[in-house]
Colleague: 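First, the structure itself, so that you have it in front of you.
All ligand and atom numbering here is 1-based and tracks the order in the structure. For this chain, numbers begin at 1 and follow the sequence in order.
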Amino acid sequence: MAKERLDKLIASTGRWSRREVKTLVREGRVLVDGRIAGSAEEKYDAESCRIAVNGEELLLRRHTYVMLHKPAGVLSATEDGRGRTVLDLLTPELRKIGVFPVGRLDKDTEGLLLLTDDGELAHALLSPKKHVDKVYYARVSGRLAPEDCAAFEAGMMLGDGLECLPAGLEILAAGETSECLVTLREGKFHQVKRMLAARGKPVTYLKRLSMGSLRLDDTLAPGEFRLLTAAEEAQLPRFFVEKRKNSLQIMSKPSIMISFNQQVAQTTRVRVSGGTPCQGEFSRTSFCNSRMRSIPRSA
Ligand code: URA
C-alpha cells in the first residue's frame with residue numbers, strides 16, 4: 001500500500017477530522033510504532049505500521065464500512081432535495097469519506113443498512129449472481145400458511161410480470177396478523193412487499209435483519225450506527241478482498257498468470273502477489289497484448 005499522510009490515515013477511520021488529528025498529534029496523543037508522532041504530515045504505509053490514538057491501536061482500512069440501523073422515515077439515498085437521507089444520520093467525517101448505502105431500503109423499512117466507499121463490495125453484495133442472502137422480518141395482515149412458503153420456494157411470477165428467484169419464507173406466527181422471516185438473494189424494487197401482497201398478505205411492518213454474514217447489531221437503536229468490527233469485516237466476501245490485489249501467480253504452472261475476473265474452469269494452486277499462498281478454482285488464462293483472455297477448458 002502506498003504511503004499516506006498520518007492525518008489522512010487517521011481521519012479515514014471516520015472518528016476524527018483531519019484538523020482534529022493535527023491537534024491530537026500536537027498534543028502527543030498519536031503513536032506510530034510506539035513512538036510519538038512528530039507531525040500530521042508524516043507519511044506511513046498503513047499496512048506495515050501500527051498507529052495508536054489515546055492509547056488505542058487503530059484498525060486502518062483502505063475502505064470504510066458502516067452499519068446503520070435505518071429508522072423508518074429516511075431515504076436510503078445520498079441526496080434528496082426534499083427529505084432526510086441516511087447520510088444525514090452519520091458524522092460529517094463519514095460523509096466526507098464518501099460512503100454510500102449498499103442497496104436501498106424503502107422509506108418506511110427499518111433495519112440493517114451497510115454504507116461503504118467500497119464499490120466492488122457493494123456490487124458483490126447486491127449481485128443476484130453472488131447469492132448473498134438478505135433476511136427480513138415482516139408483519140403482515142392475514143394468516144400465513146404452508147402454501148405461501150411453497151410459493152416462495154418455487155419462485156414466484158408476480159401479476160405485474162416480475163419474476164422472482166426462489167426465496168425463503170419462515171412463518172413465526174400465524175393469525176389475523178402474521179409474522180415471518182423472508183430470505184431473498186436479490187433485491188428488486190419493493191420485492192418483499194410485492195411478494196407477500198401477491199399472496200394476499202400485505203406487509204404492515206418490515207425490517208432487514210441481515211445481509212450475508214452481516215447481522216444487525218441489536219444494541220443499535222434505530223438511527224444509530226457504528227463501524228464494522230474487524231471480525232465483521234473479515235467475513236465480508238473474501239473473493240472481493242483478494243480481488244483487490246493486482247495479480248496471481250500460478251504456483252504449479254509459473255509461466256501463466258491468471259485474473260480473478262475469469263470464470264471457474266479448473267482448480268489451480270495460486271499465490272496472491274504480495275500475499276499468502278491460497279488454493280482456489282479459477283479459469284486458465286493467457287496474456288494477449290497485456291490484457292487477459294480465457295482459454296477454453298479443452299485447450
Ligand atoms: N423489500 C421491500 O419490499 N422493501 C424493502 O425496503 C426491502 C425489500
Colleague: Using distance alone, decide if ligand 1 has a nitrogen or oxygen within less than 3.5 Å of any nitrogen or oxygen in K193.
Modeller: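 So ligand 1 has an N or O lying under 3.5 Å from an N or O of K193.
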Colleague: Is there at least one pair of N or O atoms, one from V192 and one from ligand 1, spaced under 3.5 Å apart?
Modeller: yes
Colleague: So, R19 and D7, do they make that salt bridge, N to O below 4.0 Å?
Modeller: no
Colleague: Using 4.0 Å as the upper bound for N to carboxylate O, is an ion pair formed by E57 and R50?
Modeller: yes
Colleague: Students should be able to answer this: which protein heavy-atom is nearest to atom 7 (C) of ligand 1, and at what distance?
Modeller: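 For atom 7 (C) of ligand 1, the nearest protein heavy atom comes out as Y136 CE2, 3.6 Å.
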Colleague: Salt bridge or not between E224 and K70? Use side-chain N to carboxylate O under 4.0 Å.
Modeller: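 No, this pair does not count.
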Colleague: Using the rule side-chain hydrogen bond (donor to acceptor under 3.5 Å, both in side chains), only one of R208, Q191, K207 pairs with Y136; which is it?
Modeller: R208
Colleague: Would you kindly say whether Y205 and E179 are connected by a side-chain donor-acceptor distance under 3.5 Å?
Modeller: no
Colleague: Measure T109 to ligand 1 on non-hydrogen atoms and call it side chain, backbone, both or neither using the 4.0 Å cut-off.
Modeller: side chain
Colleague: Heavy-atom pairs closer than 4.0 Å: do any link ligand 1 to the side chain of L184, the backbone, both, or neither?
Modeller: neither
Colleague: Between D108 and K193, does any NZ, NE, NH1 or NH2 come within less than 4.0 Å of an OD or OE carboxylate oxygen?
Modeller: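 D108 and K193: salt-bridged.
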Colleague: Only heavy atoms of D106, strictly under 4.0 Å: list the atoms of ligand 1 that pass.
Modeller: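 That gives atoms 2 (C), 3 (O), 4 (N), 5 (C), 6 (O) of ligand 1.
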Colleague: May I ask you to check whether K188 has an N/O atom sitting below 3.5 Å from an N/O atom of ligand 1?
Modeller: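 Looking only at distances, the answer is no, because the N/O contact criterion of under 3.5 Å is not met.
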